> 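Structure incoming, see below.
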Amino acid sequence: MDITSNYFTSKQFNASKLSQSYYYHHTTSQTTSSSSPPFLHFAIALSQVTSTTKRLLKEQILTNILLVYLYYDRRKRNQDCCSCPTTTTVITSLEKNSMSSTTTLHATLLAGNVATHGYTLNIGFASISSSLCTSLQCSKTLLRQKIQKKGEMGDAAASIWSGSGVGSSGGTQSRIDGWGIQKKKRKCLEMRDMIDVISCINDMNQSNGDKGVEKRKKDAMSKIFSVVHHPDELRFAVKIFCNNMRTGATLVTVMRCLAAAHVLHKYNRINADMEEEEEEEVVIINENNNNNTYYFKVRPKKSNQNNRDCKSKIKQDIIHAQETFRSVYARHNDLKSCVVALVLGGMEGLLSACDVKVGVPVQPLLAAPSRSVEEVVLHYAENIPSSFAAVTSSSSSCGKGDDKGDNEENTVENRCITATNNTSENDASDDIPLLTAEYKYDGQRAQIHYQRIPSADDGGDDAQKEDMNILFFSRNLDNVTVKFTALVEWMKSRLQKLEMIRSFILDAEIVAVKRCCHQTNNGQGCSSSNAETILLPFQVLSTMKRSAVAAADELDMKRSSRNDDDDIELCIFAFDIIYLDGKALVEHVLIDRRKLLYQALSPIVQPGYFEFANSIDIVLNPTTDDLNSNSEAILMLESYLTKSIGPGRCEGVMLKSLYSKYKSSDTREKSGGFGGWRKLKKDYVDTIADSIDVVPIGAWRGNGRKNKWFSPFLLAVYDPDSGDFQSLCRCMSGFSDDFYKEKSIFYSNRLIETKSSVVSTNENPTFWFDPCEVWEIRGADLTISPVHHAGRGQMMGSAGEGISLRFPRFVRLRDDKAPEDATTGRQIIELFHSQSQRQNVMK
DNA sequence: GCTGTCTGCCC
DNA sequence: ATTCTGC
DNA sequence: GCAGAATGGGCAGACAGC
């Protein structure tokens, strides 16, 4: 019998027998001593996870295998202790770290997300497919065809492997038998092999200047590809390199499972201590007598009553552990240290070791899109906690800064309307603003960490700390400090004088600006009253160098024609504070956080360099059905939205309850409820959004779940002057599955052989369509494009090929229009000009 | 040294 | 970034 | 409402190949 099926489908799994039963039959003698789990079981588990759509079942399977990894982890720790009698009870922190790093790595591999562990591979479709062709000895064409058919490279590779006879004898035997009885004695592929290769590839990115890196990366992958024994091993090895597992479970789920496995592991140990004979037994039962459903529980004890109590206790513990882990990880976004703390210190260890800390990013709060001002107001009004029920007045007392200049509006006095330290009390009185609206700046999110350098008498390694003084993290929590060196220097100089501030973590948006000064003070900047900060679009920001090396290169060698970064002025718009002077503020409500932000950092505010996000506060009536009682709030929001996208030159507004905490992991408050942030942009709102009527002119074939359909589509505007269809963008968002089905049939009957002479684009889609329909789409901005041709020939000496659309999405079919009635190139140019005027980028 | 391709990461 | 879908 | 999946524009950076 196949031992994997034994493990995953039998009623019992005896972990004490791991060492004997856990490896391939035919390689037992070679691998018994290994401390790394076989890759096959990983692959089989993920294969099973992929083959169900049920989330609970996915979690059970993943918990199952993570439980095994925890056993491995502990067994290895025990071995290390035993083999070194003098340190039986003392494991150095280094060893501890490397141990649980392995667990972390196993978990990130299950999620197909080694980036979380700090690895960047810099390999993708091209190098993986090239390496596969070598290992499988197949042609590029064959692989491409298989990928088309399977919709995915890992599946394609597995399919080719199975059919090629490379690994199995094929023929009439089943797949499992095919690998199971294999004669050749090869090394069992282990998790460690995968980890070694990944770490090796990661290291190759460091050795810059070395020739032939691509080749060596391909060779490293081939090491794995050429020793697989089972198609699923190849399948998931490829998926890992692709960074896309498509199992229906990503890191979020894997972490839930890790927390669950930790609890089960702990219970199992307790049980084992009670009955030493059968140590480490976990029972997997199939209560529904349904082959697809598994439950974990500790081996049954004496009485049923006990057992039932125990079971519900475990269940509770699991839920608690999952919630705790999630919220801890949210404020201490360093998976390695969270897992180490959990595995070695349990829940207590996790909580004590992984608090908010300067230098470790906090998971940023994100905003859910909202479609109208009414929707927003209703949303927050509906969700006002009962402690605010006392607020009944409909009169509005805020927004008083609205008509004043930006700079005056940003003073502490105007902003700090209320600060209720004890919000759990039912002490809300009339006219307390519940909602705040902030400008949504079109820049780059940044979490700014600051730790004051200790003075010389404090001792310590100052030189090193100097480097870590200020850190910038991106929205995805990458360290982007080097990109913002100029801002770091500016902040350092400003903060040096602010001795009372020792540390903070800010939430902010960095925006490219043009500083207009009517009066300068010793070159440092502007006097507040006369200064104006003109916001520039995101594209300006995005042209900045990202590495110090590149910036130095540019400076020294002057080999680029691009503007030097010194020409790009940046402004920080701070809108939240997460940590201040040794204290985490994630449990503080926004109204208090904002007060602290203003108090602490007003001294460094300088227009065009460091500002607070523009905002207004709004009073809300608690109501569930009557919008009229909040009509004032609606009017205010409407005018503020208009202001933000007009004179404010922003994307729209952000909306936040002033009484919400900085926590995304309170599941109830994630994006809904009172605590969630919302965003309102012009292009979300039907009544004010521009829409564009375009003609589908081509498409590619979709990947993964869209494999049977055209996706994305290539869309074009019409230029009556030339009769051309000029591409505007690709589009893959906004289509329902039904629409995909319908249009896949529709357009497969309207394919044309080659690119039509009336089509103008730099794109080269797999399929060209006869332009015959009009679709309404929507997007955020128009940009000058290197690939799309919309408006071409009507531009006034601009760089690029034409104009394209940012964030395109399908809205609806316009069956009332013919292709010649589509939006014209000239109209696109007009839209572009009016937008550019708003954004101050035209000459 | 230039150009095209690939990758990752901003939005 | 946006959006749709199954749970 | 969450979690997952598929994929948008467009840039810098790193290579490879000429």
Side-chain angles (χ1 to χ4, degrees), chain A residues 52-58 111 115 120-128 130 151 204-205 208-215 217 243-253 256 366 368-369 442-446 474-476 478 480 483 509-510 537-547 549-551 553-554 559-560 562 565 651 667-673 676 679 681 683-684 700 702-707 709 711-715 728-740 777-788 800 803-811:
Chain A
T52 175
T53 55
K54 296 188 171 63
R55 288 201 299 214
L56 284 177
L57 180 52
K58 285 177 195 289
T120 309
L121 302 186
N122 273 307
I123 53 175
F125 186 88
S127 44
I128 299 167
S130 159
M204 288 179 202
N205 294 314
N208 48 11
D210 245 3
K211 278 278 176 192
V213 178
E214 297 286 298
K215 174 82 167 63
K217 284 182 182 176
N243 227 308
N244 189 355
M245 303 296 271
R246 296 184 237 241
T247 59
T250 56
L251 198 64
V252 175
T253 297
R256 287 174 57 82
L366 306 176
D442 187 14
Q444 180 171 344
R445 184 88 173 257
S474 70
R475 195 194 105 136
N476 294 326
D478 269 13
V480 290
K483 175 170 170 179
E509 188 83 5
I510 295 172
F538 172 77
Q539 241 179 327
V540 177
L541 235 199
S542 71
T543 62
M544 287 182 65
K545 318 291 171 300
R546 291 164 197 172
S547 72
V549 177
D553 256 16
E554 172 132 337
R559 62 175 179 173
S560 169
R562 274 179 291 120
D565 279 357
E651 293 184 294
T667 44
R668 271 191 56 236
E669 300 191 346
K670 190 102 195 263
S671 64
K679 55 182 170 183
K681 301 209 278 186
D683 53 288
Y684 299 158
W700 291 259
N703 294 304
R705 66 178 293 272
K706 294 188 179 175
N707 177 239
W709 309 320
S711 178
F713 290 96
L714 182 61
L715 307 177
L728 176 71
C729 60
R730 301 181 184 191
C731 186
M732 45 66 58
S733 195
F735 303 113
S736 70
D737 286 6
D738 282 344
F739 188 85
Y740 272 120
I777 62 167
R778 194 176 285 175
D781 301 301
L782 294 164
T783 54
I784 292 170
S785 171
V787 295
H788 293 293
I803 283 177
S804 184
L805 185 65
R806 186 152 78 133
F807 311 143
R809 63 265 195 190
F810 173 80
V811 177

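What's counted below: heavy atoms across the whole structure, side chains too, no hydrogens, waters or symmetry copies. Because the structure is predicted, anything quoted here is derived from the model rather than measured. Here is the naming used below: chain letters follow the sequence lines, and residue numbers restart at 1 for every chain.
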> Rounded to the nearest Å, what distance is computed from the CZ atom of residue R730(A) to the P atom of nucleotide dT7(D)?
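For the pair R730(A) CZ and dT7(D) P, the rounded distance is 10 Å.
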
> Side chain of F125(A): nearest nucleotide among dT7(B), dG10(D), dT2(C)?
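Closest nucleotide to the F125(A) side chain: dT7(B).
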
> Do C729(A) and S804(A) make a side-chain contact, defined as non-hydrogen atoms from C-beta onward lying under 4.5 Å apart?
yes

> For a salt bridge (Lys or Arg N to Asp or Glu O under 4.0 Å) check, start with the C-alpha distance between D442(A) and K681(A), then their side-chain angles and the critical distance, and finish with the verdict.
CA-CA 11 Å; D442(A) 187 14; K681(A) 301 209 278 186; over 6 Å; no

> On DNA chain B, does the nearest nucleotide to F538(A) precede the nearest nucleotide to R546(A) from the 5' side, or the other way round? Give the residue.
R546(A)

> Can you list everything that forms a side-chain hydrogen bond (donor to acceptor under 3.5 Å, both in side chains) with Y740(A)? Sequence neighbours excluded, please.
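Y740(A) satisfies side-chain hydrogen bond (donor to acceptor under 3.5 Å, both in side chains) with K706(A) once adjacent residues are dropped.
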
> Taking only residues two or more places apart in sequence, or in another chain, which ones meet R256(A) in a salt bridge (Lys or Arg N to Asp or Glu O under 4.0 Å)?
E59(A)

> So what stems show up for DNA chain D if we need 3 or more Watson-Crick or G-U pairs in a row, all under 3.5 Å?
B:1-11 with D:8-18, C:1-7 with D:1-7

> Using a heavy-atom cut-off of under 4.0 Å over every strand shown, decide if L56(A) touches base, sugar-phosphate, or nothing.
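Since no nucleic acid heavy atom lies under 4.0 Å of L56(A), the category is nothing.
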
> In terms of side-chain heavy atoms of R246(A), which of dA5(D), dC2(D), dG9(D) is nearest?
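Out of dA5(D), dC2(D), dG9(D), the nucleotide with an atom closest to R246(A)'s side chain is dA5(D).
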
> Using whole Å, report how far CE of M204(A) lies from P of dT7(B).
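Taking CE of M204(A) and P of dT7(B), I get 15 Å after rounding.
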
> Who passes side-chain hydrogen bond (donor to acceptor under 3.5 Å, both in side chains) against K54(A), sequence neighbours left out?
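With sequence neighbours excluded, K54(A) shows a side-chain hydrogen bond (donor to acceptor under 3.5 Å, both in side chains) to no residue whatsoever.
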
> When you get a sec, tell me which of dC7(C), dG10(D), dA5(D) is the closest nucleotide to the side chain of V787(A)?
dG10(D)

> Just the rounded figure in Å: distance from C1' of dC11(B) to NZ of K679(A).
10 Å

> Output the single nucleotide from dA12(D), dT3(C), dG4(D) whose closest atom is nearest the side chain of T543(A).
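Closest nucleotide among those given: dA12(D).
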
> Which residues pass the salt bridge (Lys or Arg N to Asp or Glu O under 4.0 Å) test with R55(A), not counting sequence neighbours?
none

> Over how many whole Å does the gap from L251(A) atom CG to dG4(D) atom P extend?
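Spelled out: CG on L251(A) to P on dG4(D) is 9 Å.
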
> Dump every N/O contact between nucleotides 3-5 of chain B and the protein below 3.5 Å, one line per pair.
none

> L805(A) has an atom CG; how far is it from atom P of dT3(C), in whole Å?
12 Å

> Return the set of residues passing salt bridge (Lys or Arg N to Asp or Glu O under 4.0 Å) with D478(A) (not counting sequence neighbours), or none when no residue passes.
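D478(A) satisfies salt bridge (Lys or Arg N to Asp or Glu O under 4.0 Å) with no residue once adjacent residues are dropped.
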
> Is there a residue in residues 731-738 of chain A whose heavy atoms reach under 4.0 Å of DNA chain C, and which residues are they?
S733(A), G734(A), F735(A), S736(A), D737(A)

> Check the phosphate of dT7(D) against N703(A), side-chain N and O only, distance under 4.0 Å to OP1 or OP2. Yes or no?
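True: N703(A) side-chain N/O within range (under 4.0 Å) of dT7(D) OP1/OP2.
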
> With sequence neighbours left out, write down each residue that passes side-chain contact (heavy atoms from CB on, under 4.5 Å) with Q539(A), or none if nothing qualifies.
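side-chain contact (heavy atoms from CB on, under 4.5 Å) list for Q539(A), sorted by chain: S542(A), T783(A).
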
> Quote, to the nearest angstrom, the C1' distance that separates dC10(B) from dT7(D).
16 Å

> Just compare dA3(D), dA6(D), dC10(B) and give me whichever is closest to any side-chain atom of N244(A).
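Closest of the options to the side chain of N244(A): dA6(D).
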
> Phosphate oxygens OP1/OP2 of dG4(D): is one of them under 4.0 Å from a side-chain N or O of K706(A)?
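Answer no for this pair, as no side-chain N or O of K706(A) is under 4.0 Å from OP1 or OP2.
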
> Report the residues that fulfil ring-ring contact (aromatic ring centres under 6.0 Å, His included) with F739(A), sequence neighbours left out, ordered by chain and then residue number.
F735(A), W775(A), F810(A)

> Run the side-chain hydrogen bond (donor to acceptor under 3.5 Å, both in side chains) test against D737(A) and tell me which residues pass, sequence neighbours left out.
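For D737(A) the side-chain hydrogen bond (donor to acceptor under 3.5 Å, both in side chains) partners, ignoring immediate neighbours, are R705(A).
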
> Please determine whether any donor N or O and acceptor N or O are separated by less than 3.5 Å between the side chain of R445(A) and the base of dC10(B).
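Such a pair does not exist between side chain and base.
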
> For F807(A) and dC10(B), what is the distance between atoms CZ and C1' respectively, to the nearest whole Å?
9 Å

> So, using side-chain hydrogen bond (donor to acceptor under 3.5 Å, both in side chains) as the criterion, who are the partners of T253(A) when residues are at least two apart?
none

> Judged by each residue's nearest nucleotide on DNA chain B, which is more toward the 5′ side, K681(A) or T120(A)?
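So the residue in question is T120(A).
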
> Taking only side-chain nitrogens and oxygens of Y684(A), does any of them come within less than 4.0 Å of OP1 or OP2 of dT2(C)?
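Y684(A) to dT2(C) OP1/OP2: side-chain N or O found under 4.0 Å.
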
> Hey, does the side chain of S547(A) come within less than 4.0 Å of dA12(D)'s phosphate (OP1/OP2), counting only N and O?
no

> For the side chain of V480(A), starting at C-beta, report the closest nucleotide among dC11(D), dC10(B), dG8(B).
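The answer is dC10(B), which lies nearest to the side chain.
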
> Tell me: CG of N243(A) to P of dT7(D), nearest whole Å?
16 Å

> For S711(A) and dA6(D), is the shortest distance between a side-chain N/O and OP1 or OP2 below 4.0 Å?
no

> Nearest to the side chain of H788(A), which nucleotide is it out of dG1(D), dG4(D), dG9(D)?
dG9(D)

